[in-house]
Amino acid sequence: QVHLVESGGGLVQAGGSLRLSCAASGSIFSINNMGWYRQTPGKQRELVAIITSGGSTNYADSVKGRFTISRDFANNTVYLQMNSLKPEDTAVYYCNEKQRRMGVTYDYWGQGTQVTVSS
């Protein structure tokens, strides 16, 4: 069973930094693509950043240049380093793992961690 546990959220002032962590278990982490998403009340969950099994990355335009996604294959952990935080970054952040089986992609999610940025 895939299990994802996020940590590192909290309250930070605008311009500050946070690092989110996601510990993965129950899957072959090294061959799956990982991502971070975020969601606020009344809005759809949006993609923040992705990292493939090969290490390539992509970011939402709103966070490009400020956030960095990385993964530690030895410890089955994916990180999101968030710098120059803005109040509009306030959201619940979710870790995501994609598994492709029999030609179908399945999504697995962590419980979420709250990030609040004060102005």
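All values reported here derive from a predicted model rather than from experimental measurement.
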### Message
Walk me through whether Glu6 and Tyr93 qualify under side chain to side chain contact (heavy atoms under 4.5 Å, CB included).
### Response
CA-CA 8 Å; Glu6 303 102 331; Tyr93 284 71; over 6 Å; no
### Message
As a quick check of understanding, evaluate side chain to side chain contact (heavy atoms under 4.5 Å, CB included) for Thr105 and Arg100, giving each step before the final call.
### Response
CA-CA 4 Å; Thr105 300; Arg100 190 162 180 83; 2.9 Å; yes
Atom [atom1] of [X] and atom [atom2] of [Y]: how far apart are they, to the nearest 0.5 Å?
X	Y	atom1	atom2	result
Lys98	Asp107	NZ	CG	3.5 Å
Thr113	Leu18	OG1	CG	9.0 Å
Arg19	Thr68	CZ	OG1	12.0 Å
Glu46	Arg38	CD	CZ	4.5 Å
Ser119	Leu85	OG	CG	13.0 Å
Glu97	Ser25	CD	OG	9.0 Å

Verify same cluster id: [X], [Y] (apolar side-chain graph, 4.5 Å):
X	Y	result
Tyr94	Val48	no
Ile69	Leu20	yes
Val78	Tyr59	yes
Val115	Val92	no
Phe73	Val5	no

#### Entry: Thr90 side-chain N/O to Val117 backbone N/O, donor-acceptor pair under 3.5 Å
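Yes.
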### Donor-acceptor contact present, side-chain Asn33 to main-chain Ser53, <3.5 Å
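Looks like yes, one N/O pair under 3.5 Å.
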### Task
Let me see the working for Cys22 and Tyr79 under side chain to side chain contact (heavy atoms under 4.5 Å, CB included), right down to the final yes or no.
CA-CA 6 Å; Cys22 173; Tyr79 302 96; over 6 Å; no
### Task
Give the ring-plane orientation class for Tyr37 versus Trp109, where under 30° counts as parallel, over 60° as perpendicular and anything between as tilted.
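Answer is perpendicular, since the angle exceeds 60°.
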Can you name the nearest heavy-atom pair linking [X] to [Y], along with the distance?
X	Y	result
Gln81	Ser17	NE2-CB, 4.0 Å
Leu4	Met34	CD2-CE, 4.3 Å
Ala91	Thr40	CB-CG2, 3.6 Å

### Task
Might you work through the side chain to side chain contact (heavy atoms under 4.5 Å, CB included) test for Phe67 and Asp89, ending with a clear yes or no?
CA-CA 11 Å; Phe67 292 8; Asp89 294 319; 3.9 Å; yes
